[in-house]
Each structure stands twice: as C-alpha cells, then as structure tokens.
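Count residues from 1 along the sequence.
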Amino acid sequence: MLNRIFVRIYVVMSFLSLKSAAQIVLSHPMERMVFQRNNSNQGTITIAGTYLSEVDRIEARVVPKWVGSGTSTNWIVIQNNPSNGYFSGTLTVQAGWYQLEVNAFKNNNLVDGKIIQRVGVGEVFAIAGQSNAQGGAGVSTSATDDRVSTIDFTDAYSDYNRLPVGFSKLEGDSTAMGPFHYVPWAWGRLGDLLVQKLNVPVLFYGAAHGGTSSTQWGNSSQGLPFDGPDWIRREHGAPYRALENSVAIYASLTGLRGVLWHQGESDPDTDPGTYYTNLVNVINETRENSEHADLAWVIARASRNPDEHPNTIAGQNALINNDAGLPYVFAGPETDLIFGGDKRTDGIHFDTYAGQAEFANAWNASLDNDFFNNSTPMMPAPLLALTLACNPNNPSQPITLSVPGSYSQYYWSNRNNTDNEARGRNSSGCCNFTFLPPAGYERLNWTAINNNTNTLTAAPARLAASARKPSKKTFFSPIVNLSVFPLPTTPTFTTSATQVRPGESVTLTGSGCNASYLWPNGATTNPLVISPPSTTAYTVKCKTLNCSITSSSKNVIVSSCFPTSLFLQGSVTDDESPYQSKQTIQSTQKIQLSGKIDYTAKNKVELLPGFESKNGSVFKVSIQDCN
C-alpha cells in the first residue's frame with residue numbers, strides 16, 4: 001500500500017513539475033477558431049504566442065480530429081530564432097477540422113509543446129437582415145455537428161472595447177451568435193447541413209437586427225439619421241454597426257466567404273428602386289470596411305409580413321440580376337414560399353422547428369456549388385508585427401513596443417476587461433439581459449491606455465496592439481505576455497592583455513551581469529578566450545530573455561610592435577610571430593628544437609640567464625625601431 005501511495009504522489013508531483021515548466025504560451029489561434037478556405041480548398045492558420053525561455057525554433061503541424069475530417073501535415077518550421085518577446089508564423093493546410101500541435105526547440109532539444117484541440121479551415125459567414133435572420137421568440141435549432149461554431153456573446157451597443165474574441169459550438173437555445181444575435185434561431189440547423197455537405201467546419205457571425213427596414217440599414221451604413229423605434233440604437237450605429245464589426249474586425253482574423261442577407265418583412269411599401277439603392281449602400285460599405293471589393297452577398301427573397309410584397313421581391317431580384325453594376329451578388333432562397341401555421345405561428349417568423357428546418361434547407365440549397373465556385377472569399381489578414389525595445393534606465397516602464405506601418409488609429413491593451421466592462425447587454429421583445437464572454441475568450445481592454453500612437457512605453461504586462469485603417473478594417477498583433485520582465489544589469493569586463501601578437505589569444509572576463517553574458521561572436525561562456533584576427537574593439541552584453549545592456553568597449557591591439565619594454569619567459573616551440581619593442585627586450589625564453597623567433601628592439605635586446613636555444617632552433621636579434 002505504501003508503494004502505491006508513493007507512486008501516486010510521484011506521478012502527481014511529476015505532472016505538476018511538467019506543468020510548471022511550460023515555456024511557451026499560445027495566444028493564436030483560439031479553440032474552435034475557423035479560418036476561411038480559398039477556392040482551392042486550402043487555408044492558412046496563423047500561429048502566435050509568447051516564449052518564457054530562450055527558443056530557437058518553433059514547429060507546428062495539424063492532425064485531423066477524426067479520419068476523413070482533413071489531411072495531416074508534416075512538422076513545419078513556422079519561425080526560426082523568434083525575437084521581440086513572441087513567435088508568429090503560418091501553416092497552410094487543406095480544409096478540415098484539426099488538432100493543432102506546436103513545439104518549441106532550443107539547440108534541437110524539445111523545450112515545450114502545446115495543443116489546440118479544435119481549429120478549422122472551412123467556411124465563414126456573416127448573417128445580416130432583420131428578425132428572421134436574428135431570431136427571437138419561439139424555438140431555436142442548435143447544431144449537432146461538432147464543426148459548427150460561433151461567438152457566444154451579444155452586445156446591442158456594438159462597443160469595440162467590449163467585443164471579445166473567442167469561439168464556441170453553436171448549440172443550445174441560450175447560445176448567442178456574436179456580435180449581436182442572442183439565440184441560434186435556425187442557423188445551427190444550416191450549419192449542420194453545410195458541414196455534412198462540404199465536409200468542412202463552418203463559423204457564423206450574427207449581425208442581423210430585428211424590426212429593421214432597408215432604409216434604416218442603408219442610412220446607418222452611411223452614418224445618416226433615420227426614423228425608427230427606440231430598440232434600434234441609432235446613437236451606436238445600429239443596425240449597421242454589428243455588420244461592420246463582423247466584416248472589419250472579426251473577419252480580419254478569420255476571413256469571410258460572404259454575407260447572408262434575409263430582410264424585407266419591414267419594407268411592404270418600399271419601391272424596388274429604393275430597396276435596391278438602400279442595399280447597394282450597405283453592400284458597398286461592407287466591401288469598403290473589409291477592403292474586399294469582391295465580398296459575396298447572398299440575398300434571400302423575403303417579404304412576407306404576413307402577406308407577400310412583390311415590390312420588395314423586385315428590389316431583391318434587381319440586386320441579384322445587376323451583375324454588371326454590382327458583381328458577386330447571389331440568389332438566396334425564396335422564403336416567402338415557406339408559410340403556414342406549422343412553419344410561422346404568427347405568419348411572419350420561423351418560430352417552429354418545422355419552419356426552421358425548411359428555412360435552413362432553403363438556405364442550404366442556395367449555397368450550392370455555383371455559389372462556392374464563383375464567389376471570391378476574403379482571406380484572413382496577417383497579424384501586426386511588433387518590435388520590442390528595452391528601457392533599462394526606466395524600471396517603472398522598461399518596455400517599448402512599436403507597430404511598423406501607418407494606420408489611422410492605434411489601440412493598446414495592457415489588461416483584460418473586468419466583468420462589468422466585458423458584459424454585453426441586449427434585449428428581446430420582452431426582456432433586457434446581459435452576457436459575459438465564456439471562459440477562455442480574450443477580453444482585451446483597448447481604452448485603459450489613451451495612446452493613439454504606434455508606440456507604447458509601458459510597465460510589464462500582457463500587452464497587445466490593434467490598428468485601424470480609414471476603411472475601418474482592423475488588424476491585431478499577437479498577445480505578448482511580458483508580465484515578468486527582468487531587466488539586466490550593466491556589465492563590465494577585463495582583458496588579460498591590451499595587445500597581442502597575430503595568432504595569440506586574449507582572455508575576456510565579464511563581471512557585474514545578473515543574467516547571461518553574450519559576446520560579439522555569439523559565445524555565452526565567461527571568461528572567453530579568443531584570438532583576435534586584427535585590432536578589435538570588444539564589448540559584452542548582459543542578456544535577459546527579451547532585453548540586453550551592452551558594456552563600454554575596450555580595444556585589443558593585434559601587433560608585434562609593442563610601445564613598452566618586454567620581458568619574455570616560457571618556451572618557443574613553433575614558428576611564432578616576432579617580438580618587437582620601441583624600447584628594450586629581455587628574454588629568458590627557451591627556444592625548442594622546432595622553435596623560431598625574432599627579437600627586434602629600438603634600444604637593446606638582452607638574453608638573460610636562463611635563456612636557451614636548442615640545437616637546430618632559430619632565433620634572430622635586431623636593433624631597430626618598429627612600426
């Protein structure tokens with residue numbers, strides 16, 4: 001029994017020690033993140049994180065979650081010799097649902113490994129429109145397939161500082177669909193149909209807004225005022241703002257296939273030309289915000305309220321058919337054909353399981369091979385690069401991070417949002433409610449530092465940057481965990497000689513460093529024995545993980561001509577460089593059989609008792625000045 005207890009304790013202690021020895025932390029990608037695939041069925045997974053000890057190589061690979069859910073890759077080096085406090089790289093893979101494995105090495109030794117259990121390359125959609133797109137009262141149909149994901153968060157204010165980054169399975173009646181929907185509605189069912197048809201994961205962003213008209217969408221997309229009910233928070237950019245956040249912020253990270261538009265029930269009296277103009281404004285704005293001029297839109301033919309309205313349908317068909325003026329607009333389902341009390345209890349909303357099943361089936365039929373072959377997806381944007389500099393003379397703010405390039409706005413985060421800051425607020429037809437981002441979501445605070453510049457000087461923290469272009473498209477840096485940031489002390493060093501002859505060595509001995517010594521030749525030993533090829537100015541660095549301080553320099557002269565008198569001892573066993581002095585030379589050296597040496601002095605050369613020249617050795621004495 002005692003042996004069993006010992007074994008258990010030993011195993012637990014070993015596990016804890018391995019956990020505490022973690023040397024890398026992944027910040028990107030996140031669990032269940034789906035990256036948009038291209039039309040060759042491939043996508044790029046961006047991988048980034050922080051190293052907590054020195055590493056010189058980061059490798060990654062993907063393994064399908066199950067047979068048939070993707071194609072494994074070999075181990076691929078994503079970055080050699082990372083610097084600036086973080087590592088970042090990409091892995092190109094076939095579309096699929098994967099386990100991502102990341103390993104870090106130092107001198108070909110495995111330092112640490114991390115696993116993301118679920119990450120995908122597949123299809124990403126933003127949903128927009130009104131209540132039959134957003135969902136609300138009645139039932140919701142969650143996804144059963146593991147490969148259907150969304151953001152489990154909603155916020156009516158669409159506040160940039162409150163938008164978390166994280167992903168969840170689209171399941172259960174209470175799952176939100178960020179950034180705006182608060183129920184799954186019928187999209188879980190559509191997700192199941194798509195992943196089973198395409199055999200790739202699917203990610204939905206929810207940006208529809210119940211009770212909104214095409215005029216309200218068109219005006220809000222242009223920043224114009226409009227009439228509307230109080231639940232449309234016009235002062236916060238609704239209804240368009242959630243769609244803007246989807247295509248300009250979230251889709252920058254994941255990429256996007258296109259926008260699924262289901263709206264028209266609030267436009268019974270809108271003429272076709274007005275509907276067309278309203279939607280052209282919205283479509284063009286999404287293409288500007290995403291900086292993707294080919295962003296696909298799929299327009300449902302929807303007008304039933306509860307009667308059908310031909311003018312609305314005509315406006316929708318005009319958008320679909322006007323390819324010459326507005327390309328990449330595709331025909332969505334004709335959902336007015338789905339009606340009856342078992343489908344829509346109020347004659348308007350698909351608030352039954354039967355209605356949602358037909359709604360999802362119709363959308364699935366519209367998202368056919370023609371659509372996928374002829375739409376041009378928006379691919380994920382690269383992460384922002386960061387450069388790191390140390391401020392050893394400012395212990396309270398020892399770190400400076402910079403974002404290369406030029407952007408219109410910069411945001412920096414040095415902490416997470418508190419629960420109150422992170423809490424999203426929304427309302428249904430009857431009730432107000434709040435949402436906190438689930439555990440594991442990033443909830444970076446972008447307002448604590450009011451510093452709209454590309455450079456931040458800060459105290460140690462978990463730091464990140466985001467930058468926005470005039471188009472509203474937003475880019476993100478890796479998260480750099482510099483919470484522990486030891487500063488090096490200023491080193492000094494001594495030399496065993498200030499002058500040596502060609503081929504001779506000198507010993508450099510560092511002192512005063514609280515971390516590792518780093519010499520100009522890359523050596524980290526201390527002291528360092530080195531043979532200078534010519535006269536050289538040497539320095540030594542004191543290096544912590546992300547920072548270093550350099551000593552003042554010292555010259556080591558390489559020359560046989562010494563300005564002072566020389567007193568020589570020891571043996572000469574080889575053909576050595578001559579000894580030359582601008583004053584005198586005294587020698588007690590022993591010139592061995594194979595030895596050869598020349599003595600040159602301006603004033604005199606003395607061979608003192610003890611000097612010896614073996615038979616067959618060679619030495620030469622000259623009285624003259626040297627240069």
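Applying the side chain to side chain contact (heavy atoms under 4.5 Å, CB included) rule to Lys473 yields the partners Ser252, Glu291, Met378, Ala381, Ser471, Phe475; only residues at least two apart in sequence or on another chain are considered. Under the rule for a side chain to side chain contact (heavy atoms under 4.5 Å, CB included), Ser552 has no partner lying at least two apart in sequence or in another chain. Applying the ring pair (Phe, Tyr, Trp, His ring centres under 6.0 Å) test to Phe87 and every residue at least two apart in sequence or in another chain returns nothing. Residues passing the ring pair (Phe, Tyr, Trp, His ring centres under 6.0 Å) test with Phe567: none are found, sequence neighbours excluded. Remark: Phe493 engages Trp519 in a ring pair (Phe, Tyr, Trp, His ring centres under 6.0 Å) (not counting sequence neighbours). Residues meeting the side chain to side chain contact (heavy atoms under 4.5 Å, CB included) test with Lys169, sequence neighbours left out: Arg32, Asp146, Glu171. With sequence neighbours excluded, the residues forming a side chain to side chain contact (heavy atoms under 4.5 Å, CB included) with Gln580 are Ser560, Cys561, Pro578, Thr600, Cys626, listed by chain and number.
A donor-acceptor distance shorter than 3.5 angstrom exists from the side chain of Ser69 to the backbone of Trp97, with no hydrogens or angles considered. Counting only distance, with no hydrogens or angles, the side chain of Lys65 and the backbone of Gln117 share a donor-acceptor pair below 3.5 Å. Checked by atom type and distance alone, the side chain of Arg501 pairs as donor or acceptor with a backbone atom of Ser577 at under 3.5 Å. Remark: the backbone N or O of Lys472 is not paired with any side-chain donor or acceptor of Asn289 at under 3.5 angstrom. Side chain of Asn245 to backbone of Ile249: no donor-acceptor contact under 3.5 angstrom is found. In this structure, Ser587 contributes its side chain and Gln589 its backbone to a donor-acceptor pair below 3.5 Å. Listed for the Asn161 side chain is a donor-acceptor partner under 3.5 Å among the backbone atoms of Trp446. Judged by distance alone, the side chain of Asn38 and the main-chain N or O of Ser40 form a donor-acceptor pair under 3.5 Å. A donor-acceptor pair under 3.5 Å is absent between the side-chain atoms of Ser551 and the main chain of Thr539, judged by distance alone. Under a 3.5 Å cut-off, the side chain of Thr536 and the backbone N or O of Val556 do not form any donor-acceptor pair.
Judged purely by distance below 3.5 Å, without hydrogens or angles, the side chains of Ser565 and Ser581 never pair a donor atom with an acceptor atom. Side-chain polar atoms of Tyr86 and Ser477 form no donor-acceptor pair below 3.5 angstrom. Side chains of Gln23 and Ser53: a donor on one and an acceptor on the other come within 3.5 Å. For the residue pair Asn394 / Ser396, a side-chain donor-acceptor distance below 3.5 Å is found, with atom types taken as modelled.
For residues 399-416, the pairs satisfying salt bridge (charged side-chain N to carboxylate O under 4.0 Å, His left out) are Arg415-Glu421, with sequence neighbours left out. Listed by first and then second residue, the side-chain hydrogen bond (donor to acceptor under 3.5 Å, both in side chains) pairs involving residues 400-413 are Asn391-Thr400, Thr400-Thr457, Ser402-Thr455, Gln409-Tyr411 (not counting sequence neighbours). Counting only residues at least two apart or on different chains, the disulfide bond (SG atoms under 2.5 Å apart) pairs with a member in residues 462-544 are Cys513-Cys542. The disulfide bond (SG atoms under 2.5 Å apart) contacts involving residues 380-421 comprise Cys390-Cys547, where partners must be two or more places apart or lie in separate chains. Here side-chain hydrogen bond (donor to acceptor under 3.5 Å, both in side chains) pairs that include residues 480-494, with residues two or more places apart or in two chains, are Asn481-Ser483, Thr489-Asn514, Thr492-Ser511.
Counting only heavy atoms from C-beta outward, the side chains of Val506 and Ile530 approach each other to under 4.5 Å. Side chains of Leu256 and Ser290 form no contact here, defined as non-hydrogen atoms less than 4.5 Å apart. Side-chain contact between Thr495 and Tyr538 is absent, with no heavy-atom pair separated by less than 4.5 Å. Using a 4.5 Å heavy-atom cutoff, the side chains of Ser516 and Thr524 are not in contact. Annotation: side chain of Val34 is not in contact with side chain of Val121 (no heavy-atom distance under 4.5 Å). No side-chain heavy atom of Arg162 sits less than 4.5 Å from a side-chain heavy atom of Asn417. The shortest distance between side-chain heavy atoms of Pro392 and Pro398 does not fall below 4.5 Å.
Of all heavy-atom pairs spanning Asn445 and Thr447, the tightest one is OD1-N, 3.0 Å. Considering every non-hydrogen atom in both Thr535 and Ile557, the closest pair reads OG1-CA, 3.6 Å. When all heavy atoms of Tyr250 and Val165 are compared, the closest pair comes out as CE2-CG2, 4.3 Å. Counting all heavy atoms, side chain and backbone alike, Thr387 lies closest to Pro404 at CG2-CG, 4.4 Å. Nearest heavy-atom pair, Val119 versus Ile45, reported as atom, atom and distance to 0.1 Å: CG1-CD1, 4.3 Å. Closest approach of Asn416 and Arg462 over heavy atoms only: OD1-NH1, 3.9 Å.
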List the steps, then state whether side-chain hydrogen bond (donor to acceptor under 3.5 Å, both in side chains) holds for Asn108 with Arg57. CA-CA 8 Å; Asn108 289 322; Arg57 187 173 82 250; 2.9 Å; yes
Determine, stepwise, if the pair Lys604 / Glu606 fulfils salt bridge (Lys or Arg N to Asp or Glu O under 4.0 Å). CA-CA 7 Å; Lys604 67 178 178 178; Glu606 293 183 275; 3.4 Å; yes
Quick one, Leu436 with Arg423, criterion side chain to side chain contact (heavy atoms under 4.5 Å, CB included). Give me CA distance, side-chain angles, the key distance, then yes/no. CA-CA 5 Å; Leu436 269 178; Arg423 189 174 287 111; 4.1 Å; yes
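Within a 6.0 Å sphere centred on NZ of Lys602, heavy atoms belonging to other residues, nucleotides or ligands number 12 at most. Summarising the local packing, CG of Asn627 is surrounded by 12 or fewer heavy atoms from other residues, nucleotides or ligands at distances under 6.0 Å. Around atom NZ of Lys106, more than 12 heavy atoms belonging to other residues, nucleotides or ligands sit under 6.0 Å away.
Between Thr254 atom OG1 and Met379 atom CE the span is 10.0 Å, to the nearest 0.5 Å. Residue Tyr599 holds its OH atom at 5.5 Å from CG of Leu568, rounded to the nearest 0.5 Å. In this structure, CD on Glu612 lies 11.5 Å from OG1 on Thr588, to the nearest 0.5 angstrom. Ile549 CD1 to Lys541 NZ: the interatomic distance, rounded to the nearest 0.5 Å, is 11.5 Å. Taking CZ of Phe153 as the start and OH of Tyr441 as the end, the distance is 10.0 Å to the nearest 0.5 Å. Distance check, rounded to the nearest 0.5 Å: CG of Leu91 to CG of Asn74 gives 10.0 Å.
Ring geometry for His28 against Phe35 counts as perpendicular: the plane angle is over 60°, on a 0 to 90° scale with 30° as the lower cut. In this structure, Phe611 and Phe619 have perpendicular ring planes: the angle between them is above 60°, well past the 30° mark.
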